[in-house]
Amino acid sequence: MTNELVLIFDFGSQFAQLIARRVREQNVFCQIVRHDISAARVKELNPKGIILSGGPASVYEPGAPHCDPKIFELGVPVLAICYGMQLACYFMGGKVGQTAHTREYGRATLTVSERNTIFQGYPTESTVWMSHGDQVQVASSDFEALASTDTCPLAAVKHKTRPLFGLQFHPEVAHTPHGGQILANFLRDVCGCSGSWKMTAFIDNTVRDIRAKVGNKRVICGLSGGVDSSVCAALLVKAIGPQVACIYVDNGLMREGETELVKHTFRDWFKADLHAVDARERFLTALKGVSDPQEKRKIIGKTFIDVFKHEAKSIPDAHFLAQGTLYPDVIESGGSADGPAATIKLHHNVGGLPAELGFELVEPLRDLFKDEVRRLGVELGLPEEVVWRHPFPGPGLAVRVLGDITEAKLATLRKADTIFLEELHKSGWYRKTSQAFAVLLPVQSVGVMGDGRTYENAVCLRCVQTDDFMTADWSRLPEDLLARVATAIINKVKGVNRVVYDISSKPPATIEWE
Ligand code: XMP
């Protein structure tokens, strides 16, 4: 795909993916690999540079993750961060350890003594983020210090004869405000990367790869209306036009206008072969009277597969199935050839259709992070509304109408949800939050309207900020915005007389209510 590859060795750092995203921001392609990948394999991959991540271990600990020490002899530039630096220095005769004052968590002031190479253009004094127990206490005479903090004399080092740099702090996190400069210097000046990995080049290469793989066979693409599947479909349409058949299942649990947007975007705009299946009745009949959340999910999942399978059968010579799998899913499922082992992380959005469908998979987004998928979407001409769409769960509004589902409840929720989302868009808050929606609570409460007493439904507004959806904080929306939304919902949505705002974080609460 590119002749400029940077490898990121994962020593179990919570920041490995963040390092990768920072490198990509410099338009350099990179991949996360296991820490124990052999030097021979690295040589084969022929990277322009290597970055060693941090990690929670201590280098002397039994079972501590080590890399193949021969990687330092390949002549490939290495930037070793935190644990990575301790490991590199330890391999080369240094002493790593902990003294009473070496533990450092949080912000520290870095003083740079040598403003060349990786510190070119860097302030002499600046804030950096530290998070370590151990540190390099004594480096071998092969190293020289480049920077220090009060408690860490060797906060940055350079090998005197090899292209090897070590940083005790984390340049990848936002709390190190100039960290991007170090990465840019390393990639450009030390590794000699040109930073030419652009979305347009990605599109050209991927289009070529898809055509080569698919030949003249047909591809089925499941379209949910979400960002990933929409970008995946748009890319396929660009690559193979009418050979791709997009299947969109309207399960009756979508939000206001969602089905129309999918139809308009793909049928009218992309001129795609869109199979929009109206399965609303089937889903709602199957869900009738069911109020247990897991039971609802099971029914929806099974019905979806049945409907999808049936529609797929109507597409002759379908051989491939396209999925919008992203790089974080590939890493976390252990699905990348040189990548780290699977991490145990349960996420609802991973999965997809069962292998028994018998298709060969096409996953054109499997090297991309979410922000890159959005950039790709823009480049492919998808509307903003699709590109910046918040995630929406597979079971849709079924897990936002608490308890049993009826058409009437869905209609009420849709109206409230639309008012909330419209106000977020108008105020510019939609893009500042990660996910926002309304929930129809299974409670009724007393109110007054005009001269009369009412006893009607309550709607809850949920809005969160999150990086990975594993933890989340509730969004501090402005009071006047919340007031406007509440007033509009109570005035315009029949059957609702009370609106509440959810101020719980995840954990312990989840983002969805069911
Ligand atoms: P929770 O509620 O677990 O949600 O904090 C985390 C993220 O996952 C989405 N979500 C789902 N997505 N099927 C999906 O495809 C589901 O059953 C499901 N449940 C939750 C949720 O919207 C949030 O983005």
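By convention here, the first residue in the shown sequence is residue 1. Each ligand, and each atom within it, is numbered from 1 in the order the structure gives.
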Original post:
Which atoms of ligand 1 have any heavy atom of Phe469 under 4.0 Å away?
Top reply: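 So the answer, numbered in order with elements, is 6 (C), 24 (O).
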**OP:** With heavy atoms of Gly394 as the reference, note each atom of ligand 1 found under 4.0 Å away.
**Re:**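 Going through ligand 1 atom by atom, the ones under 4.0 Å from Gly394 are 12 (N), 13 (N), 14 (C), 15 (O).
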Return a table of donor-acceptor pairs under 3.5 angstrom between the side chains of residues 229-237 and protein atoms on other chains or two or more places apart.
unit_1: Ser229; atom_1: OG; unit_2: Ser224; atom_2: N; d: 2.9
unit_1: Ser229; atom_1: OG; unit_2: Ser224; atom_2: OG; d: 3.2
unit_1: Ser230; atom_1: OG; unit_2: Gly226; atom_2: O; d: 2.6

Original post:
Hey, is ligand 1 close enough to Pro395 that some N/O pair sits below 3.5 Å?
Top reply: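 It does not: no N or O of Pro395 is found under 3.5 Å from an N or O of ligand 1.
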Original post:
If you measure every N/O of Ile511 against every N/O of ligand 1, is any gap under 3.5 Å?
Top reply: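 N/O-N/O distance under 3.5 Å: yes.
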Subject >> Option of least heavy-atom distance to atom 6 (C) of ligand 1 (set: Arg400, Lys506, Arg462) >> reply: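 The residue whose heavy atom sits nearest atom 6 (C) of ligand 1 is Lys506.
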**OP:** Determine, for Phe437 and Arg400, whether the Lys NZ or Arg CZ falls below 6.0 Å from the six-membered ring centre while staying within 45 degrees of the axis.
**Re:**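 Judged by the rule, Arg400 and Phe437 form a cation-pi pair.
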Original post:
Within 45° of the six-membered ring axis of Phe320 and under 6.0 Å from that ring's centre, is NZ or CZ of Arg218 located there?
Top reply: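 Output no; distance or angle outside limits.
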Subject >> Working for side chain to side chain donor-acceptor pair (under 3.5 Å), residues Glu363 and Thr325 >> reply: CA-CA 6 Å; Glu363 296 176 308; Thr325 318; 2.6 Å; yes
What pairs of donor and acceptor atoms, side-chain ones from residues 403-412 against any protein atom, are under 3.5 angstrom apart with sequence neighbours left out?
unit_1: Asp404; atom_1: OD1; unit_2: Lys409; atom_2: NZ; d: 2.9
unit_1: Thr406; atom_1: OG1; unit_2: Lys409; atom_2: N; d: 3.1
unit_1: Lys409; atom_1: NZ; unit_2: Asp404; atom_2: O; d: 3.1
unit_1: Thr412; atom_1: OG1; unit_2: Ala408; atom_2: O; d: 3.0

